[in-house]
Amino acid sequence: MTTTSSTGGNSLSSLLNSLTAATTGSGGSTPSSGSSGGSGTLSAAGIGSGLDVNSIVTALVNDRKAASQQQITTRTNQTNSLLNGLTSLNSALGGIQTALATLSAASTFSSYNATLTAQGSSSSIGTATTMSSAHPGTYTIAVSQLATAQKRASSPVTSGTPVGAGTLNITVGSTTMNLAVSATDTLSSIATAINNSSTNPGVTATIVNGTNGQQLMLSSSKTGVANAFTVSANATSSSGLSSLANTLNRPGSTEAQDAKLTLDGIAVTSPTNSVSGMMDGVTLNLTGTGTNTLTVAQDNTAATNAIQGLVDAYTSYAKTVASLSSFDTTGANPPGVLLGDNTLTSVQSQIASVLSNSVKGNSIGTLANVGITRNADGTMSLDTDKLAAAFQSNPSAVKDLFTGPNGYGTTLNNTINTYTQSGGIISSRIGSLNDTLTQLGTQQTALDNRMATYQTQLQQQYTALDTLMSSLNNTSTYLTTALAQLNDSGSKN
C-alpha cells in the first residue's frame, strides 16, 4: 500500500511540474516548485490574478517608444531653435529696411519751412506752409486786399409776414436756382428753402432778428469775385417778392473780391486767402494786409530723425546678431542658436562690406564724415552736431550719400533684400524649416499611432495571461490540497 501511495504521489507531482513548465513557457517567468512529504506546490511571484497589467504595458510601450521619441523631440527642438534664430535675424534686418524706407521717402530730404516777418510798421499778413517742391529763398510779399465773400441783406419786416408769391432766382456763375415762393411764405421759410434746395448754387441764407425787424441775409459760400451772386424775381412775381429780389441784388458794404498781393513786385490775385500756385511749393494763408518778408529754408529735422532711425535700427540688429552668435567660454550659458551659421556669417560680412566702403562720386564719401561711427560692440552712434554741419555745408551731398544710386541706403537695402525678400535666402530657409516641422509632426503622429496599436496588443496579451494564471493558481491550489490528502491517506495505510 505504501509503495502504491508513494508512486501515486510522485505521478501527481510530475503532473504539477508539467503544468508549471507549461505556464512558464506561456508567461515568460519561472515559478518555483517543491515537495514535502511527496506533495507539489506551484507559485509565481507577482503573476496571477494580482498581475498589474497597466503598469507592465505602460513600461513596455515607453521602452519601445523611447528611442524614436527622443529622435523626434531632439530634431524638433533643434529645428525650432534654428527657426526662431532666423526669424529674429529676419526681423532685425526688416527693422533696418523700414528705417531705410523712411530715409528714402521723397519728403525726408525735401522738407522746408517758411516764415513771414513783418517789415517796418506792417503787421503779420498770415502764415506760410511748404511742400517738397519748394525752393530756398527770401521774398517780399505785399498784401493790399484780402479775399472776401459777398453778403447782402433784405429790408427789415415784421416776423411772420408773408413776402408774396412768385419765383426767386439766385445765380452764382453759370448756375441758377429757381425757387418757387408761395403767397404764405415768410423770410424764414424762404431761408429754409434756399438752404435745403438741391440746386443751391453756393449761397447760405440766414435770418437776422434786428431792432427794426427780421431780415434775410444771403452770403456766398466761397470768397472771390467768381463766387458772387445775383438775385432776381420773374416777371409774374408779386411786388413784395420783386422788392426783396431787388434789395438783395443791390451792392452793399460786403462785396465779393479777390485777394491782391505782390511777390517782389509781381502782381498776384487769388479768389481765396489761401494763396497757392503763386510760387512752387509754398502756400500763403492770408489774414491781414501789409508787407512781410517770406523766408523759405530747408528743414533738416525729418532727415536727421530718419538718419537717427537708421542708426537705431542698425544698433538693434547688431545686438540681435551678438545674441544669436554668442559663446560663453565658461560654459555657464548656452551658445547662440546661430553660432557658426553660414547665413548669419554671410549677412554680417555683406552689411559690413557696404558700410565700410565709401560712396563713389560723393564729396562727403563716408558715414564718419556725417557723424556716424560704429562702436567696439558693433553698435552705431550719431554725432548730430557733425551731421548738422554737413547739412549746412552741402545738403545735396548728404542726401546723395544716403539715397543716391550708389548711396548707403540704396546699396544696403539691395543687399538686405537678397536675404529678406520672398524667395530670398532667409525666407527660403524659414520655409524649409517649417516643412521639416510638418514632417516631424507627421512622424510623431505615426509613432503615436503605432504605439497605440502596440499598447492595445500588449493589453490583450497580458490580460489573457492574467486570466490564465489566475485559473492555473486555482488548479494548483486544488491539486496541492488533493495530493496532501492522498499522501495523508497513504501514510495511514
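What you see is a predicted model, and the numbers here were worked out from it, not measured in a lab.
- Taking the side chain as every heavy atom from C-beta outward, N333 and S326 never approach each other to under 4.5 Å.
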What do the steps show when you test S396 against N394 for side-chain hydrogen bond (donor to acceptor under 3.5 Å, both in side chains), and what is the final call? CA-CA 6 Å; S396 61; N394 195 340; 2.9 Å; yes

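- Contact annotation: the side chain of L93 approaches that of I351 to within less than 4.5 Å [non-hydrogen atoms, C-beta and beyond].
- The number of heavy atoms from other shown groups lying within 6.0 Å of NZ (K222) does not exceed 12.
- A donor-acceptor pair under 3.5 Å links the side-chain atoms of N434 to the main chain of I430, judged by distance alone.
- Checked options N375, T315, T373; the residue passing with S381 is N375 (criterion: side chain to side chain donor-acceptor pair (under 3.5 Å)).
- Within the 3.5 Å criterion, the main-chain N or O of T410 finds a donor-acceptor partner in the side chain of N414.
- A side chain to side chain contact (heavy atoms under 4.5 Å, CB included) with N285 is found for exactly one of V275, N273, T129, I125, namely T129.
- For the residue pair Q308 / T304, no side-chain donor-acceptor distance below 3.5 Å is found, with atom types taken as modelled.
- Summarising the local packing, CG of D328 is surrounded by more than 12 heavy atoms from other residues, nucleotides or ligands at distances under 6.0 Å.
- Enclosure of atom CD in Q392 is not indicated, since only 12 or fewer non-hydrogen atoms of other residues, nucleotides or ligands lie within 6.0 angstrom.
- Neither side chain, N113 nor T115, offers a donor N or O lying under 3.5 Å from an acceptor on the other.
- Within 6.0 Å of the CZ atom in R75, the count of heavy atoms belonging to other residues, nucleotides or ligands does not exceed 12.
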Stepwise salt bridge (charged side-chain N to carboxylate O under 4.0 Å, His left out) check, K151 with E255: CA-CA 6 Å; K151 288 184 179 181; E255 290 301 302; over 6 Å; no

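- Taking the six-membered ring for Trp and thresholds of 30 and 60 degrees, F402 and F109 have nearly parallel ring planes, at less than 30 degrees apart.
- A donor-acceptor contact closer than 3.5 angstrom links the side chains of R429 and T343.
- With L344 as reference, L324 is the one residue of L86, L339, I426, L324 to meet the side chain to side chain contact (heavy atoms under 4.5 Å, CB included) rule.
- Between S132 and S110, the side chains place no donor N or O within less than 3.5 Å of an acceptor N or O (distance only, hydrogens not considered).
- No side-chain N or O of T272 forms a donor-acceptor pair with one of S274 less than 3.5 Å apart.
- A donor atom on one side chain and an acceptor atom on the other are not found under 3.5 Å apart for Q257 and Q150.
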Apply the test side-chain contact (heavy atoms from CB on, under 4.5 Å) to residues L187 and L244: give CA-CA distance (whole Å), side-chain angles for both, the deciding distance (0.1 Å), then the verdict. CA-CA 10 Å; L187 291 182; L244 174 65; 4.1 Å; yes

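- For the residue pair N80/Q78, the side-chain donor-acceptor check at 3.5 Å is not satisfied.
- Closest approach of N292 and S122 over heavy atoms only: ND2-CB, 4.5 Å.
- Side-chain polar atoms of T74 and Q70 form a donor-acceptor pair below 3.5 angstrom.
- Under a 3.5 Å cut-off, the side chain of T456 and the backbone N or O of A452 do form a donor-acceptor pair.
- Between the side chain of S237 and the backbone N or O of A233 there is no donor-acceptor pair closer than 3.5 Å.
- Looking at S427 and Y419, their side chains never bring a donor and an acceptor atom within 3.5 Å of each other.
- Residues D448 and T445 have side chains that never bring a donor and an acceptor to within less than 3.5 angstrom of each other.
- Residues S188 and T186 bring no donor and acceptor atom of their side chains to less than 3.5 Å of each other.
- In this structure, CG in N305 is found 6.5 Å from OG1 in T301, a value given to the nearest 0.5 Å.
- No hydrogens or angles considered: a donor-acceptor pair under 3.5 Å links the side chains of D185 and S189.
- In this structure, the side chain of K399 does not engage the main chain of A303 through any donor-acceptor pair within 3.5 Å.
- Residues R374 and Y314 form a side-chain contact, since some pair of their non-hydrogen atoms from C-beta on lies under 4.5 Å apart.
- Annotation: side chain of I425 is not in contact with side chain of T420 (no heavy-atom distance under 4.5 Å).
- Within the 3.5 Å criterion, the main-chain N or O of S428 finds no donor-acceptor partner in the side chain of S432.
- D264 places a side-chain N or O within donor-acceptor distance of the main-chain N or O of T140, the cut-off being under 3.5 Å.
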Could you walk me through whether Q71 and Q443 pass side-chain hydrogen bond (donor to acceptor under 3.5 Å, both in side chains), step by step? CA-CA 10 Å; Q71 183 181 28; Q443 292 176 20; over 6 Å; no

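- Side-chain contact between V231 and N169: absent, with no pair of heavy atoms (C-beta onward) separated by less than 4.5 Å.
- The main-chain N or O of S104 is never found under 3.5 Å from a side-chain atom of T108 such that the two would form a donor-acceptor pair.
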Apply the test side-chain contact (heavy atoms from CB on, under 4.5 Å) to residues L401 and V370: give CA-CA distance (whole Å), side-chain angles for both, the deciding distance (0.1 Å), then the verdict. CA-CA 9 Å; L401 185 72; V370 292; 3.8 Å; yes

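- Side-chain contact, Q215 with S154: no donor N or O sits under 3.5 Å from an acceptor N or O.
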